[in-house]
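The block underneath contains the structure these notes are about, expressed in C-alpha cells.
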Amino acid sequence: MHAPPTAPPRLSPRSGLRRSRRGRRSRIPGPAVIAALAAALLASVLAAPTAHGQNNAQEIVGGGDLGPNVLVFDPSTPDIQGKVDEIFERQESAQFGDGRYALFFKPGTYDNINAQLGFYTSIAGLGLSPDDTTFNGDVTVDAGWFNGNATQNFWRSAENLALNPVNGTDRWAVSQAAPFRRMHVRGGLNLAPDGYGWASGGYIADSRIDGQVAPYSQQQWYTRDSSVGGWNNAVWNMTFSGVEGAPAQSFPNPPYTTLDTTPVSREKPFLYLDGDAYKVFVPAKRINARGTSWGNGTPQGESIPLDRFYVVKPGATAETINAAVEQGLHLLFTPGIHHVDRPIDIDRADTVVLGLGLATIVPDNGVTAIRVGDVDGVKLAGLLVDAGPTNSDTLVEVGPAGASARHADNPTSLQDVFVRVGGAGAGRATTGMVINSNDTIVDHTWIWRADHGEGVGWETNRADYGLQVNGDDVLATGLFVEHFNKYDVRWSGENGRTIFFQNEKAYDAPNQAAIQNGDIKGFAAYKVDDSVNNHEGWGLGSYCYFNVDPTIRQDHGFQAPVKPGVRFHDLLVVSLGGKGQYEHVINGTGSPTSGSDTIPSQVVSFP
C-alpha cells in the first residue's frame, strides 16, 4: 500500500533571484539597489490578480500526493486481500457515511483476489489498457448487508481492470450510480445478488465481457460501446447502443432496445501510470461508436501529467480551487467531502475535473456547487454533488442562461456526475442539474431526490426539478432521474436525444392535490416542451410507487408535443405493487397500468 510520491517543488516564474552557482561569494548590493528591488517586487505582487480580483502572490502548484484515502497496490504489496477487506468492512453498509476510498492497482498480475466493494469505494487499474492489470479473481458486489436486496447498492465503481473470475463468472449486483467502465471480464458477468433478490438498474460502458451477461432479476440496464458474449434475460427495459454481441431489437417481448451505434460518445478520463509518473488520460470523442475504445492499438486521446492538476483535498476553499483553474490547472478531487461556499467556476475550455473515490461536493449557504462556462470541451467526471440544508437554485449548471455558442466539434461532457438531495441529511434544491450549453453529452448520471435516509420528506428535502435541458443538440446516454416533486426531466432545447431513461416518481406525495398540475394529474417524469420541434428517445421507463397514498393517479409518465420530429421508441410505465396508477404512457396514449401488479404498460413508438 503506497501513496503516490509528492511532486518536487517547482520554481515560480516569480521566484525572484536565485543563488549564485559559483564558488565565490556574490557581491552584496547597496541600499539603493535593495530599495529598487523591493519596490519592483511589491509592484509585481500587487499586479497579480487572483480569479476573484484579489491579490495573491503565491502560485498554486500542481501535482503532489493524493491523500490518505487513495490506496495504491502493486503485486508485491503484502496482505492486499486483508487491506481490501478492511475497507469493505467499513463501507459495506455505510450508505450515508462520510468514508470515501479509491483503490488503485499498478499494472501486473494479482492472484487470489476477491475485492468486495461497499459504498463510496472505487477500484481501478493503473494501466493504459484494462489488460495491463489482471486479477486472477473477482471484483464483487453482493447484497448480504441488505438481506439479499440489491436495490440500494449505489455509489461505487469498477474501472480499467481485467478479471479471470474464480468460478468463471463475476458478480456485479448493483443499482444506480455504480458504473462498470473499461473492464475486461474473461468469463461471464452476473448482475443479480446471491439468491436472485431484487436489483434495479445499472450501467456498463467501454467494456468487454467474453462470456454471457446474466441480468436475472435486474429490472433495467444500459450498456454502451462494449462487447458481450451474449445477454440472456430481460425484465422491463434492457437498452444497448454500440454493443457488439447485443441481442437484436425486440421490445417489448423481450424488452430489448438495440441501437447499432452510439451517435456521439467520449469515454471518462482516468488516472494511470506512465512508468513511475501519474497522468490522466482523456479519451477522444467518437462518432457512431461501436465496441470498446481500447484493444486495437494505442487508444486515441490526450495524456495530461499530474503536475498540471491542482489536487483538491477536503478543506480547500472554492476561492483557491477557482484560482487554480484561472491559473491554467485542471482539478483532481481526492476522496472525501468537499464543502464550498461559492460556485466552482470552470470557464476555461478543455478543463478536466475528475473525482476519485466518489469525491463529494457540498454547496454551503445555498450556492450552486459547479458552474461551467459556455466553452468547449470541459470534462466533469466521477463526482457526487450533495445538496446542503439551505436551498440552492441549481446544484450543477453547464453553461450560463442563454448560452448560444456551438460545441459540436468539442462538446462538454459529464460522466458519472451524480446529484443527491437529502438522504445524508436535510438538503434542498430547486433544480438538480441544468444544461444550457449546446451539444453537451450527459453520459451516466443519477439525479436523486432521496426517498430514504435522513432529512427526507415531501417538504423536508424539497426539490421540484431533476434535470432541465435548455441547450440544443444535447445527448443523454444512461439517464437516471428519480423522485422529484414536479418534473423529473424537462427538455426545452431542440434536437435533444436520450438513450435509456430510468425513473421513479416521488414515493412520498401526500395526496392527489399535492401533485396536481393544472388540469393534469401529476407532473410527467419526462416532459418535452410544446415549443420543441425535434426530439428523440429510445428505451425510456417510468415507475410509480405512491406508498403514502396508493389511490393517487398519474395521467402519464411522458408528455410531448405531437409533431413529426418528436419521436419515442420503446416506452413503458410500471405500477410497483399497485401503489398508484398511470392512466396512460405518453400524453393520452397507451393503456393504464393494472394498479394491482407490476406488469408494465408499453408503447412501442410515438407518435
Side-chain angles (χ1 to χ4, degrees), residues 149-152 175-176 191-192 196-203 215-222 233-239 250-257 446-449 451-452 466 478-484 487-489 498-509 512 515 521-527 537-560 568-606:
N149 179 346
T151 59
Q152 293 183 24
S175 290
Q176 292 82 1
L191 304 180
Y196 306 101
W198 294 339
S200 185
Y203 172 94
Y216 296 114
S217 55
Q218 273 289 350
Q219 295 160 349
Q220 62 272 313
W221 199 277
Y222 175 53
N233 186 56
V235 178
W236 293 333
N237 182 18
M238 299 288 168
T239 301
S250 59
F251 189 93
N253 292 309
Y256 294 136
T257 298
W446 186 36
I447 305 172
W448 186 60
R449 174 182 167 266
D451 61 280
H452 62 276
L479 181 57
F480 299 74
V481 187
E482 297 188 296
H483 304 148
F484 286 83
Y487 294 118
D488 295 281
V489 172
T498 295
I499 304 173
F500 182 87
F501 172 63
Q502 186 269 329
N503 166 263
E504 289 176 349
K505 294 301 299 175
Y507 292 173
D508 55 345
Q512 188 76 46
I515 64 165
K521 291 181 286 187
F523 290 80
Y526 189 110
K527 174 183 167 61
W538 297 262
L540 283 65
S542 177
Y543 319 133
C544 71
Y545 183 72
F546 296 116
N547 61 329
V548 174
D549 181 0
T551 68
I552 289 175
R553 295 294 181 266
Q554 175 96 11
D555 264 349
H556 43 238
F558 302 88
Q559 183 180 352
F568 286 95
H569 314 269
D570 305 355
L571 298 178
L572 70 152
V573 295
V574 178
S575 171
L576 297 169
K579 304 289 187 182
Q581 182 170 324
Y582 291 98
E583 308 289 16
H584 305 285
V585 179
I586 182 167
N587 300 347
T589 301
S591 58
T593 52
S594 67
S596 60
D597 54 35
T598 57
I599 297 174
S601 174
Q602 297 158 336
V603 173
V604 172
S605 61
F606 172 87

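All values derive from a computational prediction rather than experimental measurement.
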Is the [X]-[Y] ring centre distance short of 6.0 angstrom?
X	Y	answer
Y216	Y196	yes
F480	F500	yes
Y507	H483	yes

Check whether [X] reaches the backbone of [Y] with its side chain - one donor and one acceptor, N or O, closer than 3.5 Å.
X	Y	value
Q218	L191	yes
K521	H556	no
D570	W538	no

Search all heavy atoms of [X] against all heavy atoms of [Y] and return the closest pair with its distance.
X	Y	value
S605	V603	O-CG1, 3.1 Å
N503	S542	OD1-OG, 2.7 Å
L572	P600	CD1-CB, 3.9 Å
F484	A506	O-CB, 3.8 Å
V235	P255	O-CG, 3.5 Å

Can you tell if the side chain of [X] reaches within under 4.5 Å of the side chain of [Y], non-hydrogen atoms only?
X	Y	result
K579	C544	no
T593	S601	yes
Q176	S200	yes
F546	K505	yes
V604	P252	yes

Between [X] and [Y], do the side chains contain an N or O donor and an N or O acceptor separated by less than 3.5 Å?
X	Y	result
Y543	Q220	yes
Y256	T239	no
S575	Q581	no
Q502	Q219	no
S175	T151	no
W446	E482	yes
Q554	H584	no
T551	D549	yes

Going from [atom1] on [X] to [atom2] on [Y], what distance comes out if it is rounded to the nearest 0.5 angstrom?
X	Y	atom1	atom2	answer
L540	N237	CG	CG	7.5 Å
Y526	I586	OH	CD1	9.5 Å
N587	D555	CG	CG	10.0 Å
Y222	M238	OH	CE	14.5 Å
K527	Q559	NZ	CD	4.0 Å
Y582	I552	OH	CD1	11.5 Å

Describe, in one word, how the ring planes of F501 and F558 are oriented to each other, choosing from parallel (under 30°), tilted (30 to 60°) and perpendicular (over 60°).
perpendicular
Which is it for D508 and R449 under the salt bridge (Lys or Arg N to Asp or Glu O under 4.0 Å) test, yes or no, and what are the steps along the way?
CA-CA 11 Å; D508 55 345; R449 174 182 167 266; 2.8 Å; yes
